[in-house]
Chemist: 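Encoded as structure tokens, here's the structure I'll be asking about.
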Amino acid sequence: RVCIGTTSPGYKLDVNGTAKASAFSAPEFFNGTGYPYNTTFGSGANASTATLRAGSTSGFQTSIVLRGGDVGNDITISTASSPRLYVANNGNVGIGTTSPSEKLHVAGDILATNTNPLIRLSPDSGTSAFIQKLSAASGDYLRIYDGTQYGATFKNGRVGIGTNDAQATLDVVSDSG
């Protein structure tokens with residue numbers, strides 16, 4: 001056994017302090033079937049931080065930082081030396097922010113793609129509602145579903161209530177006569 005900074009090594013190589021290696025290979029992290037098995041980074045102490053980092057000669061780094069105990073209980077994933085994804089200790093997730101105020105907090109634009117993409121809003125009880133953008137083949141308009149019916153459509157600066165084909169800036173069609 002080899003030890004650095006300790007007189008009682010617990011492993012074949014036991015370093016008490018910071019160590020640096022230009023490459024690291026640990027086949028014992030796998031159990032023979034190719035799946036990680038009991039892999040641990042960090043000390044397990046109350047104020048520990050485990051960092052997995054890859055750098056480049058340009059100075060940019062990609063990293064995953066896990067902080068536990070008194071130092072935060074959070075996770076940060078960074079690319080080009082900037083935090084991109086953050087999971088706070090309360091479960092809130094930030095994309096583009098390290099201080100998410102909601103379960104999902106996005107600082108920046110969101111792109112949803114599909115044939116007819118939608119954003120669904122589902123309360124704990126009651127009916128779901130959604131906002132949907134239909135493709136050109138499906139009518140090329142935006143519609144809002146309130147949980148019981150399509151309440152409004154939007155196309156070419158026109159709003160349709162009770163119709164998918166508004167003929168004026170505001171077109172209200174009633175089915176009750």
Side-chain angles (χ1 to χ4, degrees), residues 18-24 26 29 35-36 38-161 164 166 169-171:
T18 302
K20 181 179 180 181
S22 60
F24 183 72
F29 283 174
Y35 296 104
N38 287 340
T39 304
T40 304
F41 291 100
S43 68
N46 189 37
S48 64
T49 300
T51 303
L52 180 60
R53 180 178 293 129
S56 70
T57 55
S58 64
F60 291 115
Q61 293 184 359
T62 298
S63 64
I64 301 172
V65 178
L66 310 168
R67 298 184 321 152
D70 293 340
V71 294
N73 288 314
D74 55 21
I75 302 168
T76 304
I77 298 176
S78 299
T79 61
S81 299
S82 295
R84 306 298 182 182
L85 179 71
Y86 177 79
V87 181
N89 62 4
N90 62 3
N92 289 355
V93 175
I95 299 175
T97 179
T98 56
S99 54
S101 58
E102 299 294 334
K103 287 296 174 194
L104 178 61
H105 182 157
V106 178
D109 297 334
I110 298 172
L111 174 64
T113 60
N114 201 339
T115 303
N116 296 307
L118 65 86
I119 298 172
R120 184 178 311 273
L121 307 168
S122 296
D124 289 340
S125 63
T127 58
S128 295
F130 61 80
I131 300 170
Q132 184 176 35
K133 174 62 173 103
L134 297 175
S135 67
S138 299
D140 197 25
Y141 57 88
L142 180 74
R143 67 183 177 178
I144 298 175
Y145 181 78
D146 69 3
T148 58
Q149 64 183 355
Y150 294 101
T153 60
F154 303 85
K155 181 177 180 180
N156 298 328
R158 296 178 180 171
V159 178
I161 299 175
N164 293 338
T169 303
L170 176 60
D171 193 351

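Being a predicted model, the structure only gives us computed values, none of them experimental.
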Chemist: State, without any angle test, whether R84 and T79 hold a side-chain donor-acceptor pair at a distance under 3.5 Å.
Modeler: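 The criterion, which ignores hydrogens and geometry beyond distance, is satisfied for T79 and R84.
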Chemist: Could you measure the distance from the CG atom of L52 to the CG atom of L66? Nearest 0.5 Å is fine.
Modeler: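 Here the rounded value is 8.5 Å.
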Chemist: Working to the nearest 0.5 Å, report the span between CG of L134 and OH of Y141.
Modeler: 5.0 Å
Chemist: With rounding to the nearest 0.5 angstrom, report the CG to CG distance, D140 to N116.
Modeler: 10.0 Å
Chemist: Quick one: does any side-chain atom of S81 pair with a main-chain N or O of Q61 as donor and acceptor, under 3.5 Å?
Modeler: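 Yes; at least one donor-acceptor contact below 3.5 Å.
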Chemist: Using a 3.5 Å distance criterion without hydrogens, assess whether the side chain of K155 forms a donor-acceptor pair with backbone atoms of G139.
Modeler: yes
Chemist: So how far is it from L118 CG to R143 CZ, rounded to the nearest 0.5 Å?
Modeler: 8.5 Å
Chemist: Roughly how far, to the nearest 0.5 Å, is the CG atom of L142 from the CD1 atom of I131?
Modeler: 7.0 Å
Chemist: Taking all heavy atoms of D109 and all of V106, pick out the closest pair and write down the distance.
Modeler: O-CG1, 4.4 Å
Chemist: When rounded to the nearest 0.5 angstrom, what distance separates CG in L121 from OG1 in T127?
Modeler: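 L121 CG to T127 OG1: 11.0 Å, rounded to 0.5 Å.
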Chemist: Locate the shortest heavy-atom distance separating P117 from T113; write the atom from each residue and the value.
Modeler: CB-C, 4.3 Å
Chemist: Please report the closest heavy-atom contact between A107 and T97, naming both atoms and the distance.
Modeler: CB-CB, 4.3 Å
Chemist: Nearest heavy-atom pair of A88 and P100: which atoms, and what distance?
Modeler: CB-CG, 4.3 Å
Chemist: Indicate yes or no: at least one non-hydrogen side-chain atom of L85 is less than 4.5 angstrom from one of I75.
Modeler: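 SC-SC contact between L85 and I75 ruled out.
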Chemist: Quick one: salt bridge (Lys or Arg N to Asp or Glu O under 4.0 Å) partners of R67, sequence neighbours excluded?
Modeler: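 Testing R67 for salt bridge (Lys or Arg N to Asp or Glu O under 4.0 Å), a comparison that skips the adjacent residues, returns D74.
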Chemist: Does N90 use its side chain to pair, donor to acceptor, with the backbone of N92 at less than 3.5 Å?
Modeler: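 Here the side-chain-to-backbone pair exists.
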Chemist: On the 0 to 90° scale, with breaks at 30° and 60°, tag the F130-Y145 ring pair as parallel, tilted or perpendicular.
Modeler: parallel
Chemist: Would you say CD1 of I119 has more than 12 non-hydrogen atoms from neighbouring residues, nucleotides or ligands within 6.0 angstrom?
Modeler: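 No - once you tally the heavy atoms of other residues, nucleotides and ligands closer than 6.0 Å, there are 12 at most.
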Chemist: List for me each residue that meets side-chain hydrogen bond (donor to acceptor under 3.5 Å, both in side chains) alongside N89, sequence neighbours excluded, and say none if there are none.
Modeler: none
Chemist: Provide the closest heavy-atom pair for P83 versus S78 in the form atom of the first, atom of the second, distance.
Modeler: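 Looking at all heavy atoms of both residues, the shortest contact is CA-OG, 3.4 Å.
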